[in-house]
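Everything below concerns the one structure shown next.
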Amino acid sequence: MNNSMTLFGLVAVLLCSCKPASFNSVEQVEDKPLEQVLAHSSADAIFEPGAAVSEEAIEATEITKIESTVQVPNETATTNAEALKVACVDAKKNGTLKSKVIPLLFPAKTTSCDFEANDNLSRKNESVRARREEMVDLPLQGMTRLCNMKFDAPKQNMRFDDEIFLTLNNLLIASSQDYSTKSKDKNAQQVYPTGLDVDANGLTTYKWLPPNGLQNLDYLNGQLLSYCLGLDAAQADFATLCQIPKTDTNGTMQLTLPQDAFLKLTAKAGLIYDKQLQQLPRARLAFITTGDDNDSDCQHLDFQMSVTVDYIP
């Protein structure tokens with residue numbers, strides 16, 4: 001299978017040009033109350049799904065406490081990923097590779113971070129003090145092995161504050177800023193010695209609590225590069241392949257990720273059907289927003305997307 005195949009097809013998100021009064025925008029725009037922003041978004045949103053779906057979208061639910069139900073194995077995933085890659089190539093050749101489209105909805109969150117609760121800290125400017133976690137368990141019935149995932153977002157109004165993270169079984173798929181131990185500043189200096197842990201295969205584990213958690217790390221607004229699974233920020237086409245708008249700005253979001261990286265994630269996350277136990281793995285997709293001290297933190301408008309899963313029955 002060609003390494004250039006994408007985990008994400010095209011994710012195109014048109015961010016709303018309206019700003020609630022509590023937003024500190026870098027642009028000179030007219031401030032509007034959040035209620036007006038939401039009303040504008042609902043009226044003017046244009047939905048053009050990347051794939052036709054007939055099923056009703058699965059709605060995400062907010063996680064109100066730290067859970068340990070989805071664990072990431074400690075062992076390296078290289079061997080399992082190579083075996084999975086061979087199986088997926090064979091399935092494509094013999095015509096047994098299947099695809100399923102799963103529509104998802106992350107409903108708008110219009111209240112601020114739950115500061116000083118759910119392991120969040122008190123408000124403090126320029127520090128990652130709180131987060132909101134929303135999750136969807138992807139239905140994997142009839143899937144013994146996952147070969148690829150493509151995430152497509154319809155054209156829609158969207159905005160977030162402060163930063164966003166997309167994870168699968170606590171392994172990072174993408175984030176608007178890189179909070180890992182591999183993150184570098186403009187002078188190529190390490191930013192987060194105690195940031196999110198990165199393994200030998202380049203897979204980043206998402207955590208909130210220390211050690212190697214987001215909680216209380218410095219918030220360098222707009223100063224760091226985005227993170228996308230399997231992509232090197234030093235490569236010439238990184239900005240093209242990993243397009244994620246900065247907080248509270250207008251823009252589009254487009255991610256083109258190598259399939260090999262997804263196969264390593266799949267293997268490490270244990271997303272393979274256990275034939276002996278007749279047990280399906282849990283594929284938990286999480287959408288996370290963070291905040292430091294503003295009323296607008298941990299908020300976002302409705303976010304719709306679909307996940308196309310290529311799998312072996």
Side-chain angles (χ1 to χ4, degrees), residues 7-8 11 24 26 72 74 76-77 113 119-121 124-133 151 160-249 251 253-258 260-262 264-265 268-269 286-294 297-298 300:
L7 162 62
F8 283 30
V11 182
N24 298 316
V26 297
V72 176
N74 293 322
T76 178
C113 300
D119 291 305
N120 290 335
L121 303 177
K124 181 181 178 182
N125 190 32
E126 298 182 352
S127 180
V128 183
R129 303 289 284 183
R131 90 293 184 213
R132 170 177 277 128
E133 300 177 352
F151 288 58
F160 61 86
D161 193 4
D162 285 323
E163 305 295 339
I164 57 171
F165 300 78
L166 188 66
T167 70
L168 183 62
N169 282 14
N170 293 338
L171 293 172
L172 194 59
I173 294 174
S175 60
S176 50
Q177 287 206 136
D178 186 358
Y179 283 84
S180 76
T181 55
K182 299 293 185 180
S183 184
K184 303 289 184 180
D185 62 18
K186 295 178 181 178
N187 298 316
Q189 299 297 312
Q190 185 182 30
V191 180
Y192 299 116
T194 60
L196 302 180
D197 186 57
V198 183
D199 71 8
N201 290 297
L203 299 175
T204 301
T205 299
Y206 167 81
K207 283 181 61 184
W208 174 245
L209 296 177
N212 296 111
L214 282 177
Q215 188 193 67
N216 215 30
L217 293 180
D218 290 338
Y219 175 42
L220 304 177
N221 186 359
Q223 299 182 41
L224 303 176
L225 292 172
S226 302
Y227 168 86
C228 289
L229 175 69
L231 295 179
D232 185 350
Q235 65 190 77
D237 57 352
F238 176 80
T240 301
L241 299 175
C242 183
Q243 296 183 32
I244 304 177
K246 298 183 185 301
T247 181
D248 190 24
T249 61
M253 183 173 178
Q254 181 175 332
L255 312 175
T256 306
L257 311 179
D260 278 0
F262 172 72
K264 290 178 181 179
L265 181 149
K268 181 169 183 176
F287 184 76
I288 301 148
T289 47
T290 61
D292 55 357
D293 67 340
N294 297 319
D297 289 345
C298 299
H300 64 84

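Side-chain atoms are counted along with the backbone in the values below, which use heavy atoms only and exclude waters and symmetry mates.
To the nearest 0.5 Å, atoms NE2 (H300) and CD1 (I288) are separated by 11.0 Å. The OG1 atom of T194 lies 13.0 Å from the OH atom of Y179; values are rounded to the nearest 0.5 Å. The CG atom of L231 sits 7.5 Å away from the CG atom of L229 when rounded to the nearest 0.5 Å. Remark: N170 CG to L203 CG distance equals 12.5 Å, nearest 0.5 Å. A distance of 12.0 Å separates CG of L171 from CG of L166, quoted to the nearest 0.5 Å. Here the straight-line distance linking atom OG1 of T204 with atom CG of D197 works out to 8.0 Å at 0.5 Å rounding.
When all heavy atoms of T289 and D161 are compared, the closest pair comes out as CB-O, 4.4 Å. Shown here for Q235 and D237, the closest heavy-atom pair between the two residues is NE2-OD1, 2.8 Å. Heavy atoms only, all atoms of each residue included: C298 and G291 are closest at SG-N, 3.8 Å. What you find for C113 and A130 is that their closest heavy atoms are CB-CB, 3.6 Å. Residues L168 and L265 approach most closely at CD2-CD2, 3.6 Å, considering heavy atoms. Across D185 and L224, no two heavy atoms sit closer than the pair CA-CD2, 4.4 Å.
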Donor-acceptor contacts, no H, no angles, side chain residues 186-193, under 3.5 Å, sequence neighbours left out:
residue	atom	partner	partner atom	Å
Q190	NE2	T181	O	2.9
Y192	OH	D218	O	2.7

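Residues that satisfy the side-chain hydrogen bond (donor to acceptor under 3.5 Å, both in side chains) test with S183, not counting sequence neighbours, are absent from this structure. In this structure D178 satisfies the side-chain hydrogen bond (donor to acceptor under 3.5 Å, both in side chains) test together with S180, sequence neighbours excluded. Evaluation of the salt bridge (Lys or Arg N to Asp or Glu O under 4.0 Å) rule for R129 yields no partner, not counting sequence neighbours. Under the rule for a side-chain hydrogen bond (donor to acceptor under 3.5 Å, both in side chains), D293 has no partner lying at least two apart in sequence or in another chain. With sequence neighbours excluded, no residue satisfies side-chain hydrogen bond (donor to acceptor under 3.5 Å, both in side chains) with S226.
With D162 contributing its side chain and D297 its backbone, the two residues share no donor-acceptor pair below 3.5 Å. The main-chain N or O of L220 is found under 3.5 Å from a side-chain atom of Q177 such that the two form a donor-acceptor pair. Side chain of N212 to main chain of G195: a donor-acceptor pair is present (N/O by atom type, distance under 3.5 Å, no hydrogens or angles). W208 places a side-chain N or O within donor-acceptor distance of the main-chain N or O of D119, the cut-off being under 3.5 Å.
Under the 4.5 Å side-chain criterion, counting only non-hydrogen atoms from C-beta, L214 is in contact with Y206.
Pairs engaging residues 213-234 under the ring-ring contact (aromatic ring centres under 6.0 Å, His included) rule: none recorded [sequence neighbours left out].
In this model, a donor atom of one side chain and an acceptor atom of the other lie less than 3.5 Å apart for S176 and E163. D292 and S127 are not linked by any side-chain donor-acceptor pair at a separation below 3.5 angstrom, with hydrogens and angles left out of the test.
Shown are K264, K182, K268; of these, the salt bridge (Lys or Arg N to Asp or Glu O under 4.0 Å) with D199 is made only by K268.
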